[in-house]
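Working notes, structure below.
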Amino acid sequence: MADSMAQTAPQDGGTRRDFLQLVTAAFAAVGVGTLAWPFISSMNPSRDVLALSTTEVDLTPIATGSAVTVMWRGMPIFVRNRTAEEVKEAREVPVADLRDPQTDQARVKKDNWLVVVGVCTHLGCVPLGQKPTDPRGEYGGWFCPCHGSHYDTSGRIRKGPAPLNLAVPDYVFNTDTKITVG
């Protein structure tokens with residue numbers, strides 16, 4: 001009887017047991033994937049977090065020489081429509097004189113529009129200079145009254161304890177009158 005079973009076994013070495021093991025392993029893999037998917041999916045950011053990841057700003061109501069503050073990721077973003085004189089002053093500053101050397105051209109995408117994170121790089125205060133009545137410091141940009149940091153019209157540190165320029169967030173011009181920050 002053993003001789004007859006040996007003669008009917010497949011020639012490639014596969015048996016019914018191998019097939020059952022393969023099917024069992026496949027079902028186990030699908031089961032583990034099914035159980036793991038909700039856990040993995042729970043690590044994705046929620047809708048409210050995704051909504052805060054970008055902020056659209058309409059530039060139309062911002063007159064030349066004025067600024068607005070918008071919130072992005074819980075931080076104030078200063079958007080200023082600079083005058084031709086402010087742009088000229090920012091471009092004439094010798095980069096070698098700056099504590100955190102950056103040209104004005106490296107900080108803007110369009111000459112008159114400056115977009116910076118409105119958080120002082122010294123201790124995280126919010127500098128003054130967004131409102132027309134606010135003190136703008138010695139360089140016409142922003143002034144942080146907490147410890148006396150002065151920023152110019154390009155958001156670069158010029159005087160005081162702040163070690164770095166105001167940060168420039170990632171932003172793109174969607175149209176000539178709309179930007180998306182983030």
Side-chain angles (χ1 to χ4, degrees), residues 43-182:
M43 291 187 229
N44 288 330
S46 62
R47 286 187 197 150
D48 59 334
V49 170
L50 288 174
L52 292 175
S53 66
T54 61
T55 297
E56 279 195 9
V57 182
D58 183 11
L59 304 175
T60 308
I62 308 171
T64 302
S66 64
V68 297
T69 303
V70 296
M71 294 304 286
W72 172 66
R73 294 184 179 173
M75 296 181 293
I77 301 296
F78 295 165
V79 180
R80 183 178 282 183
N81 187 355
R82 303 184 301 173
T83 64
E85 184 62 32
E86 288 175 328
V87 173
K88 182 179 175 233
E89 287 174 11
R91 301 247 161 119
E92 290 176 348
V93 174
V95 177
D97 293 350
L98 299 173
R99 182 178 308 157
D100 184 11
Q102 265 187 322
T103 63
D104 182 63
Q105 293 89 331
R107 296 181 56 75
V108 297
K109 294 186 180 183
K110 291 190 178 183
D111 289 347
N112 60 313
W113 292 106
L114 179 68
V115 180
V116 294
V117 177
V119 176
C120 180
T121 58
H122 179 233
L123 291 176
C125 307
V126 177
L128 301 175
Q130 285 295 90
K131 298 176 187 168
T133 57
D134 283 350
R136 292 190 171 181
E138 295 177 21
Y139 301 95
W142 291 270
F143 171 69
C144 186
C146 299
H147 295 97
S149 293
H150 296 253
Y151 297 91
D152 67 8
T153 58
S154 188
R156 298 174 296 197
I157 183 63
R158 299 295 299 279
K159 181 179 178 184
L164 301 171
N165 301 330
L166 294 177
V168 177
D170 289 333
Y171 70 97
V172 293
F173 276 88
N174 301 329
T175 66
D176 286 340
T177 60
K178 275 203 176 160
I179 63 170
T180 299
V181 179

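Since the structure is predicted, the reported quantities are computational estimates derived from the model, not experimental observations. Worth knowing before you read on, the calculation uses all heavy atoms, side chains too, and leaves out hydrogens, waters and symmetry mates.
A distance of 7.0 Å separates CG in D111 from CZ in R82, rounded to the nearest 0.5 Å. Separating the CG atom in D58 from the CG atom in N174 is a distance of 11.0 Å, to the nearest 0.5 Å. With rounding to the nearest 0.5 angstrom, the CZ atom of R73 is 9.0 Å from the OG1 atom of T55. Annotation: the span from E92 atom CD to D152 atom CG amounts to 12.0 Å, rounded to 0.5 Å. Remark: K178 NZ to E56 CD distance equals 6.0 Å, nearest 0.5 Å. Taking OH from Y151 and CD1 from I157, the interatomic distance works out to 4.5 Å, rounded to the nearest 0.5 Å.
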| field | Worked verdict on R91 versus S154 for side-chain contact (heavy atoms from CB on, under 4.5 Å) | value | CA-CA 9 Å; R91 301 247 161 119; S154 188; over 6 Å; no
| query | L59 and N81: side-chain contact (heavy atoms from CB on, under 4.5 Å), yes or no, with the steps? | reply | CA-CA 8 Å; L59 304 175; N81 187 355; over 6 Å; no
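In the displayed structure, D176 atom CG is contacted under 6.0 Å by at most 12 heavy atoms of other residues, nucleotides or ligands.
In terms of heavy atoms, L128 sits closest to P145 at CD1-CG, 3.9 Å. When all heavy atoms of Q130 and A67 are compared, the closest pair comes out as OE1-CB, 3.5 Å. Considering every non-hydrogen atom in both W142 and G129, the closest pair reads CD1-CA, 3.8 Å. In terms of heavy-atom proximity, L166 sits nearest to V119 at CD2-O, 3.4 Å. When all heavy atoms of L114 and G155 are compared, the closest pair comes out as CD2-N, 4.0 Å. Between H150 and G148, the shortest heavy-atom distance links the atoms CD2-O, 3.1 Å.
Not one N or O on the side chain of R156 forms a donor-acceptor pair closer than 3.5 Å with the backbone of V95. In terms of modelled atom types and a separation under 3.5 Å, the side chain of R80 and the main chain of V116 share no donor-acceptor contact.
Annotation: side chain of L123 is not in contact with side chain of C146 (no heavy-atom distance under 4.5 Å). Counting heavy atoms from C-beta outward, R158 and V93 have side chains that approach closer than 4.5 Å. With contacts defined as side-chain heavy-atom distances shorter than 4.5 Å, the pair R136/F143 does not qualify. No side-chain heavy atom of S149 sits less than 4.5 Å from a side-chain heavy atom of K159. Between V181 and D170, the closest side-chain pair of non-hydrogen atoms is not below 4.5 Å. For the pair F78/V126, a side-chain contact is recorded, criterion being any heavy-atom separation below 4.5 Å from C-beta on. P163 places none of its side-chain heavy atoms less than 4.5 Å from the side chain of D100.
Between the side chains of T153 and E89, no donor N or O sits under 3.5 Å from an acceptor N or O.
In this structure, K110 satisfies the cation-pi test against F173, with its NZ or CZ atom closer than 6.0 Å to the six-membered ring centre and inside 45 degrees of the ring normal.
Not a single ring-ring contact (aromatic ring centres under 6.0 Å, His included) links Y139 to another residue, sequence neighbours left out.
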